[in-house]
Structures are given as structure tokens and as C-alpha cells.
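Residue numbers start from 1 in every chain, and the chains themselves are labelled A, B, ... in the order their sequence lines are given, proteins ahead of strands.
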Number of protein chains: 2
Amino acid sequence: MARTRHRSLDCSPGCAVEATLQLIDGKWKGVILYHLLAEAPEPEGALRFNAFRRRMPNVTQRMLTNQLRELESDGLVHRTVYAEVPPRVEYRLTERGRSLEPVIRALKAWGDAHAAMAPEVAA
Amino acid sequence: MARTRHRSLDCSPGCAVEATLQLIDGKWKGVILYHLLAEAPEPEGALRFNAFRRRMPNVTQRMLTNQLRELESDGLVHRTVYAEVPPRVEYRLTERGRSLEPVIRALKAWGDAHAAMAPEVAA
DNA sequence: CAGTATCCTTTTAGATACTG
DNA sequence: CAGTATCTAAAAGGATACTG
């Protein structure tokens with residue numbers, strides 16, 4: 001259980017910026033949150049493990065599990081296990097997770113507006 | 001010059017979210033941008049290398065240089081070198097960099113509002 | 001003042017195979 | 001279906017010493 005995570009923040013007022021970033025950084029966390037916010041059916045809807053995999057074709061099982069667990073331990077996502085066969089596990093945003101919506105929206109908006117990656121491509 | 005950077009994005013619409021994140025992730029980039037946005041004297045103001053170091057007591061010279069160079073090569077920050085002795089180098093936001101303001105603001109606002117780090121601490 | 005250069009440790013992520 | 005377990009590679013970050 002080498003769950004270190006969250007390198008100590010040692011900034012001063014910009015601290016809050018880094019603190020928020022630490023929660024959503026990780027190769028797949030942004031997309032996971034985005035899908036939960038934007039695509040989970042009906043408000044407060046959930047997505048299942050394989051639903052994520054379909055939306056993120058290149059994530060490995062290991063990484064998806066990792067990222068979901070970290071989001072869970074940061075209190076952003078809730079994991080519900082149904083004792084059925086075959087097993088069913090649902091992920092949904094917590095209140096805290098849903099409160100990140102403006103942040104995710106801002107990230108998405110900027111990415112869309114700036115065609116990302118390449119400065120030269122900017123209209 | 002192993003300037004790899006920017007792991008290939010393979011999400012689908014959440015892609016824009018990841019793309020934006022890639023530009024501001026890196027242990028010190030958020031704070032650097034924050035300081036340039038919030039504290040650089042007068043609009044379009046600049047900060048010098050050691051001005052950053054004063055604001056971020058725990059950054060090493062190596063990391064500060066790295067992060068600034070990456071921000072530069074992503075077109076977010078401009079670096080001006082004055083041919084003087086002792087040398088003077090100023091960093092300021094580009095247009096593109098300044099356009100990240102809503103994003104940084106959102107990150108800051110969330111961090112401030114949620115006391116960061118600990119879910120339990122949330123009022 | 002504003003960096004470089006080296007070396008080294010930690011963290012992150014990917015591949016692959018297996019399971020209740 | 002929803003994961004574990006193991007092993008490995010690569011990237012990020014830190015410590016320390018030196019310089020135009």
C-alpha cells in the first residue's frame with residue numbers, strides 16, 4: 001500500500017491552484033470526470049467499469065482501476081458494488097465531485113477554443 | 001534533448017480536457033501561471049527568475065528552469081533576455097497564456113472553496 | 001543573476017497474464 | 001464483469017555542484 005499521493009504543497013497563495021490540480025491530474029482523471037459529468041445518463045447517473053473502457057479505448061484495466069480508486073479516495077467519485085453474478089459496479093460523482101464541474105468546463109472550453117497542443121494551430 | 005512531452009491523447013470528447021491539463025500539469029506550472037496572472041506588477045507585467053524563487057521557496061533552480069521552458073515552448077509564457085551584466089531575464093504571459101486566466105481562476109476558486117486535500121475537512 | 005550539468009530516486013504508466 | 005498481480009520502462013522530480 002504505497003499510497004503516497006499528493007506531493008506536499010509548498011506554494012503560497014497559488015497553493016489552491018496546485019491543490020485542485022493534484023486531484024484531477026493523472027492521465028485519465030480528467031476524462032473520467034468529464035464522462036461522468038457529461039455523459040452519465042440522467043442527473044446523478046452512473047457509469048460502469050466497462051462503460052468507461054468503451055469511452056476510453058486506450059486505458060488499461062490497471063490504470064482505469066487506479067485512477068478510479070484515487071478519485072474515490074479523494075472523495076470525488078463514489079463506488080457502488082452490487083452483490084450479483086455477474087458482478088456490477090457503478091461509479092458516480094459525489095457532491096464534491098460534482099462541484100468540480102466549473103473547473104472541468106473551463107478546461108474543456110479552453111481546450112476546444114485553442115485547438116490544444118499546437119500554438120501554431122491557434123486560429 | 002529528450003523533449004518528449006505530451007503523451008498522446010486518446011480520449012474522445014473529453015480530449016479537450018486532457019489537452020488543457022497537459023499544459024498546466026507539472027509540479028510548478030500552476031503556481032507559475034498563477035503568479036504571473038495575479039502578482040505580476042501592472043497589466044502585462046513580468047517576473048524575473050529570482051522573483052519566482054522568492055514566491056516558491058521550495059522549487060529548485062533546475063525545476064524552475066524546466067517548467068518555465070516548457071511553458072515557453074507551449075506558447076504560454078514569453079522569455080525576454082536583456083544583454084546586461086548582471087543578466088536580467090523577464091518572463092511574461094503571452095496572449096495564449098493570458099487566455100488561461102478563467103481556467104486558473106476556476107482551479108483557484110475550487111481550491112479555496114474546498115480547503116483542498118482533505119474531503120473530511122470540507123465544511 | 002540566471003542559469004547548466006550530473007547523478008540519482010520516486011512516480012507513473014504500460015504490457016501481459018490470471019481470477020472470484 | 002470487474003477486477004489483481006507482476007514485471008518493466010519511461011518520465012518526473014530532487015540534490016548538489018558549478019558557471020558565463
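Within the 4.0 Å cut-off from OP1 or OP2 of dA2(C), not a single side-chain nitrogen or oxygen of R54(B) is found. A close approach under 4.0 Å does occur between a side-chain nitrogen or oxygen of R79(B) and OP1 or OP2 of dG3(C). Applying the 4.0 Å criterion to OP1 and OP2 of dA2(D), one finds that R48(A) has a side-chain N or O inside that range. Within the structure, a side-chain polar atom (N or O) of R69(A) is placed less than 4.0 Å from OP1 or OP2 of dT4(D). Between Y91(B) and dC1(C), a side-chain N or O to OP1/OP2 separation shorter than 4.0 Å is absent.
If you measure from atom CE of M56(A) to atom C1' of dA2(D), you get 15 Å, rounded to the nearest angstrom. Distance NE2 (H6(A)) to P (dG13(D)): 15 Å, rounded to an integer number of Å. As a whole-Å value, the separation of E70(A) CD from dT12(C) P is 7 Å. Straight-line distance from the CG atom of L47(A) to the P atom of dA2(D): 11 Å, rounded to whole Å. Going from atom CZ of F49(A) over to atom C1' of dT4(D) covers 11 Å, rounded to whole Å. Between E90(B) atom CD and dG3(C) atom P the separation is 12 Å, expressed in whole Å. Between the P atom of dG3(C) and the CG atom of L64(B) lies a distance of 8 Å, rounded to the nearest Å.
R62(A) pairs by the side chain to side chain contact (heavy atoms under 4.5 Å, CB included) definition with T60(A), N66(A), not counting sequence neighbours. Considering only residues two or more places apart in sequence or on other chains, E95(A) meets the side-chain hydrogen bond (donor to acceptor under 3.5 Å, both in side chains) condition with none of them. For E90(B), the side-chain hydrogen bond (donor to acceptor under 3.5 Å, both in side chains) partners at least two apart in sequence or on another chain are Y82(B), R88(B), R92(B). Partners of V89(B) according to the side chain to side chain contact (heavy atoms under 4.5 Å, CB included) rule, which considers only residues two or more places apart in sequence or in another chain, are R79(B), V81(B), Y91(B).
Distance from the side chain of T65(B) is smallest to dT4(C) among dT4(C), dT4(D), dA2(D). Listed candidates were dC1(D), dG3(C), dC1(C). Nearest to the side chain of V89(B) is dG3(C).
Here R53(B) lies out of heavy-atom contact (under 4.0 Å) with every strand. Nucleic acid contact class of F52(A) (heavy atoms, under 4.0 Å, all strands): none. Within the nucleic acid shown, Y82(B) has no heavy atom closer than 4.0 Å to any nucleic acid atom.
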Discussion item. Using a 4.0 Å heavy-atom cut-off to protein, can you give one letter per nucleotide of nucleotides 13-20 of chain C, 5' to 3': B if the base is in contact, S if only the sugar-phosphate is, - if neither?
Written reply: BBB----B
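In DNA chain D, runs of at least 3 consecutive Watson-Crick or G-U pairs, each pair with both distances below 3.5 Å, span C:1-20 with D:1-20.
Between K108(B) and D112(B) there is a salt bridge, since a side-chain N of the basic residue sits under 4.0 Å from a carboxylate O of the acidic one.
A distance-only check finds no donor-acceptor pair linking the side chain of R55(A) to the backbone of V31(A) [under 3.5 Å]. Of the possible donor and acceptor atoms, none in the side chain of T94(A) sits under 3.5 Å from a partner among the backbone N and O of H78(A). Remark: side-chain polar atoms of W28(A) are not paired, donor with acceptor, to backbone N or O of L64(A) under 3.5 angstrom. Side chain of T20(A) to backbone of G111(B): a donor-acceptor contact under 3.5 angstrom is found. Put simply, the side chain of E18(B) gets close to the backbone of G30(A): a donor and an acceptor are under 3.5 Å apart.
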